[in-house]
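Here is the structure we will look at, set down as structure tokens.
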Number of protein chains: 2
Amino acid sequence: MRTEANTNGKMGRPRGFDEDTALDAAMRVFWEKSYEGATLSDLTDAMGINRSSMYAAFGDKEALFRLATTRYANGPAAYLREALEKPTLREVIESTLRGTADFLSNPDNPRGCFSVQAALACGTDAESVKQAMIEFRKHGDAAVKRRLQQAQRDGELETGVNPADFSRYLGTLVQGLGIQAANGATKAELHRVVDLALRHMGY
Amino acid sequence: MRTEANTNGKMGRPRGFDEDTALDAAMRVFWEKSYEGATLSDLTDAMGINRSSMYAAFGDKEALFRLATTRYANGPAAYLREALEKPTLREVIESTLRGTADFLSNPDNPRGCFSVQAALACGTDAESVKQAMIEFRKHGDAAVKRRLQQAQRDGELETGVNPADFSRYLGTLVQGLGIQAANGATKAELHRVVDLALRHMGY
DNA sequence: GCACTTCTGGACTAAAAAGTCTAAAAGTTT
DNA sequence: AAACTTTTAGACTTTTTAGTCCAGAAGTGC
């Protein structure tokens, strides 16, 4: 099987698959079926590798899931980080909501938002995974909050508004859109929800 | 064991538990752990009954879940139907959002919204349950839409606004609040999100 | 009190899950 | 090409799951 030369300096047979490609496939399965709903067979089938290879390369199901989460943040969900880097508050907000509507209706992605679909509620032995996803979502809200504090320093956001509250409000809209998408809302429908949200915010 | 007289007209030993009480307990378990995450033992333990009694009284796990869903709609979620009966549009909207914030921070309820927590994403053999919950949520949005159409006839909602879009917008807020609650947002925090939403809508 | 019917407890079954193990295959280095 | 190391395939194990079964308990109506 063709592979690049062994990168880790060690000898031995090189891995017959690309870790990142396999991880992408696993991410999609978790996204569609949730942590508990995805079986090891679902995962390895999609990844195109054997069970042993999965365990050797990634550890176990939970470790694979955590890696998939990171990959989600840096891959499909990177648009959110980029939105926060826009120069003005207005652009930040528009780009966050428009980007979300586009993201959620991208036919290449499973319906809904990974961070909500994957492990919102679950059985007792997936409790740690659920907790990790809570932290993941809070982490996102915190990044928005910091950007809003910046906007407040820039005089773009009235001082009467609490950045933590406003970030929770934006998070509510973004994650609410995720549920609408999971319900099957189309791209146009999601954008019309964003139209209303923006209009109400005065944009 | 004390029971009312046999209501179904037939003879035999009467049921040793109250169906509705047991169903409430099952509903809570599904709400906390999701359909797939709730094991039969979780359920029967919470219901305080034996496995055989559960199967005899409710059918199987999926049938129990569907009954629990109906009970949710008529019990804890009834506040939403009541909100739609308010005389003015403003009251409908305020009551929906305020009611949701209260509902989601009621310490007697599990965190989050049953209709989202219970089966948003799941494995292949729970697909039908997932679909049923999509219908459940859409059904709710449709009821809001009808109320908004009424408001439009009453001249309370500008004719330029599409009731279907506006109902999706409200659904986005309500379900987004559910995720915030699942993240651990407090009652005050949820109400401050609602403050922002209402203020932006001009209320 | 007796015949009858339905419920109940708990052991049992079958299927599916995650995770392990071993022998063979496939590269790498010298 | 030979020695070495790691990967791979797939069978295997263990645990957990939903669902079944049956013997006995507990009511009802006459």
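Note that the coordinates shown come from a computational prediction; the quantities given were computed from them, not determined experimentally. Reminder, nothing fancy here: chain letters follow the sequence lines and each chain counts from 1.
For C/dG10, the base has a donor-acceptor partner in the side chain of B/Ser52 [N/O atoms by modelled type, under 3.5 angstrom]. Between the side chain of A/Arg13 and the base of D/dT6, no donor-acceptor pair of N or O atoms lies under 3.5 Å.
At least one test fails for A/Lys145 against the ring of A/Phe166: distance under 6.0 Å to the centre or angle within 45° of the axis.
Spacing between atom CE of A/Met47 and atom P of D/dT8 amounts to 11 Å, rounded to whole angstrom units. A straight line from CZ of B/Arg15 to C1' of C/dT5 spans 13 Å, rounded to a whole angstrom. The separation between B/Tyr55 atom OH and C/dG9 atom C1' is 15 Å, rounded to whole Å. For the pair A/Glu36 CD and D/dT16 P, the computed distance is 14 Å after rounding to whole Å. In this entry the distance linking CZ of A/Phe65 with P of C/dA17 reads 18 Å, nearest Å. In this structure, CG of A/Asp18 is placed 14 Å from P of D/dT7, rounded to the nearest angstrom. Distance A/Asn50 CG to D/dA11 P: 11 Å, rounded to the nearest Å. Following rounding to the nearest Å, A/Ile49 (CD1) and C/dA26 (C1') show an atom-to-atom distance of 17 Å.
Using a cutoff of 4.0 Å between basic side-chain nitrogens and carboxylate oxygens, B/Arg168 and B/Asp141 are not scored as salt-bridged.
Using a 4.0 Å heavy-atom distance criterion, A/Thr39 is classed as a sugar-phosphate-only contact.
Under 3.5 Å, the side chains of A/Asp24 and A/Thr21 contain no donor-acceptor pair of N or O atoms.
With DNA chain C read from its 5' end, the first of the two nearest nucleotides for B/Arg51 and A/Asp60 is the one closest to B/Arg51.
B/Phe103 and B/Trp31 have parallel rings, their planes meeting at less than 30° on a 0 to 90° scale where 60° marks the start of perpendicular.
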